[in-house]
2 protein chains.
Amino acid sequence: MNTIAGHHAPTLEAVAEAAGVSRATVSRVVNGSPRVRGEVVEAVQKAIAELGYVPNRAARSLASSRTHSIALLVPEEVSRFFGDPYFASFTTGLDRRLADSEYVLNLVVARDDPDRKAVRYVRGGNVDGAIVVSHHSGHEFLAQLEGAVPVVFGGRPEAGISTDPYYVDVDNVAGGRLATEHLIGLGRRRIATIAGPEDMSAGVDRLAGFRAALDDAGLPSDAVGHGNFTAPGGAEAMRRLLDTHPDIDGLFVASDLMATGALGALATRGIRVPEDVAIVGYDDSPAATWGEVGLTTVSQPSELMGATTVDVLLRLLRGEPDVPHANIVPTTLVRRDSA
Amino acid sequence: MNTIAGHHAPTLEAVAEAAGVSRATVSRVVNGSPRVRGEVVEAVQKAIAELGYVPNRAARSLASSRTHSIALLVPEEVSRFFGDPYFASFTTGLDRRLADSEYVLNLVVARDDPDRKAVRYVRGGNVDGAIVVSHHSGHEFLAQLEGAVPVVFGGRPEAGISTDPYYVDVDNVAGGRLATEHLIGLGRRRIATIAGPEDMSAGVDRLAGFRAALDDAGLPSDAVGHGNFTAPGGAEAMRRLLDTHPDIDGLFVASDLMATGALGALATRGIRVPEDVAIVGYDDSPAATWGEVGLTTVSQPSELMGATTVDVLLRLLRGEPDVPHANIVPTTLVRRDSA
DNA sequence: TTGTATGCGTTATCAG
DNA sequence: CTGATAACGCATACAA
């Protein structure tokens, strides 16, 4: 066990000899071929265990022209990606699902890819497939990946990146609706929102869900402020909203970070949460639990999204037909104190 | 399957033919061998460029018995690791330095490794070396890595993990002392700390520095809380400290993330920073500037640490003699508003 | 069901 | 300095 160092790692050959069969048979057993006699399978497995045989990845890859590894392509600063709790969780999901497979994850960062090193890596046959996350417009070089290997995007990519991509995403309209309907269910009747930027689909879609829910309930949906997904932005939007709509009793904020700002602004004016104004945030980020009052918020199942992304890619790698391109996962409401 | 219009990816063979030389010569050029005639080198490089030749990793690995990939081993929950700005920055440094080399990073997560899959992976000759981060005591299985491939630890590992490890670390005792002496210099006399976990050397050492500084100054060092390096953990520890030691006027928190939690807890109780309590954090993470008051903090050159970790490993892989085991990088104090 | 033979793309060891 | 020619460890048509 500990004496492996110094000795050569055992090969198929060695296992074959120990089990009294040919290399080919051992290979079949290792790869789970159904057409090997039961006793033989056992004998081989015993030999494998005794010798501590581990297949040589390179040799296997060379012979089969499959690498058994997939690229996790991050087209920007690592710290930007991993510093985001959402992606941390997403990656957890990725890894969990991948752990059950034979695949290994290669971390490929391409923050600035002048010589297209990352693209060449992926196209160079070093991986069987790729998962792309945290992509924005401006990352058009990603278009060169598809056609080389199967690619699945975490989040729907911009049109310039792919025309018919495989991707996993949440339904932001449904999320906005979910939050707003919760407020309505609580009996709130004058509900406002602090929406995200008007040039981001996440912002636009959540606002659309907000409006749809209020329309369906026959309630006014005119109390709309906009923030830039930051805490100060949320505070400022809150102040403006309070000036123009002092009677609001419910609030949907399109991000938890903005919600923390809004909470500060409310506290300053002596408005209590949730007694006077009930609040629902979005993201279920760590910030949702930092404050005095826990923030009720819309949770994106980031871990599930990571797992789903892997599932889609594995199906593609398996050559399954009719794998859906758009994979939408549901959002859920996490109830805390604020609503 | 390369979909490059049905063409096979060009091989050494193809390049050799195009350049009118042998495969061996092309191989030499690719690997930068010095004993190839200048003109020949040029001719070969031209052919390589024209054909878009990329070396086949598997074949190269099989022939040379080197994989050109190294494992980034994370022995715990991914989200715990990547959610921490320190590690995000560390990984940035890793990647930056690695980008200049021929090596690729394999992300290996082993949060719970019942069947030792991660260990088998590393020992199975799938990587040339490993970088281990975020290790705690309880991760004794990591001991099985050394002896198989060179291993470098980000942060000094516990004794149970390795007896004579290669590692990169900051002097955490000095860092804790630095922070505490700053508070003393500010005239604070009742100084508390929120330390890290007792099973991580970073936590233990910073606490030791805290105690040493107070002892030297003849001040009490009994106000000690413990957190798990997360914001909620910091908030909870802060609340406990305030209950047991309501008179504290200075606080050293062993991580910025915990400090943000502590700040929230203080704000809730109406305690002003730095007027009532001066605070020094640790990490100089982005979180240090997120809040209302900028956090004075001990800066770990985390990105440099990541880069250094790679450097050490590459030297080991290169077979350099006399590579130092302990690689200590200095900490500095970054002054902001909180102290 | 099992064994044999061949090839995967490079590196490395020889001669020359 | 350059060119043949073995390995490298495995998968897989093809035979048996």
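Chain naming here is simple, since letters A, B, ... match the order of the sequence lines and numbering starts at 1 in each.
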Euclidean distance, atom [atom1] of residue [X] to atom [atom2] of [N] [Å, nearest integer]:
{"X": "B/E13", "N": "D/dG3", "atom1": "CD", "atom2": "C1'", "value": "13 Å"}
{"X": "A/N56", "N": "D/dA11", "atom1": "CG", "atom2": "C1'", "value": "13 Å"}
{"X": "A/R35", "N": "D/dA16", "atom1": "CZ", "atom2": "C1'", "value": "14 Å"}
{"X": "B/L51", "N": "C/dG9", "atom1": "CG", "atom2": "P", "value": "14 Å"}
{"X": "A/N31", "N": "D/dT12", "atom1": "CG", "atom2": "P", "value": "7 Å"}
{"X": "A/L62", "N": "C/dT10", "atom1": "CG", "atom2": "C1'", "value": "8 Å"}

What contact category does [X] fall into here, base, sugar-phosphate, or nothing, at under 4.0 angstrom with non-hydrogen atoms?
{"X": "A/V21", "value": "sugar-phosphate"}
{"X": "B/V40", "value": "sugar-phosphate"}
{"X": "B/T11", "value": "sugar-phosphate"}
{"X": "A/L12", "value": "sugar-phosphate"}

* Asked: Reckon A/S27 has a side-chain N or O less than 4.0 Å from the OP1 or OP2 of D/dA11?
  -> yes
* At under 4.0 Å, does any side-chain N or O of B/R60 touch on OP1 or OP2 of C/dG9? -> no
* Matching residue for B/E102 among B/R318, B/R66, B/R60 - test: salt bridge (Lys or Arg N to Asp or Glu O under 4.0 Å) -> B/R60
* Asked: Any idea how A/F90 and A/F87 line up, ring-wise: parallel (<30°), tilted (30 to 60°), or perpendicular (>60°)?
  -> perpendicular
* Asked: In terms of ring plane angle, is the pair A/H68 and A/Y103 parallel, tilted or perpendicular, where the classes change at 30° and 60°?
  -> tilted
* Structure fact -> Out of C/dT2, D/dG9, D/dA6, minimum distance to the side chain of B/R23 belongs to D/dA6
* Return the 5'-most residue of the pair B/V36, A/A24 with respect to DNA chain D, ranking by each residue's nearest nucleotide. => B/V36
* Could a donor-acceptor pair under 3.5 angstrom be found where the side chain of A/R28 meets the base of C/dG3? -> yes
* To do: Determine yes or no for a side-chain-to-main-chain donor-acceptor pair under 3.5 angstrom, with A/E13 supplying the side chain and A/R23 the backbone.
  => no
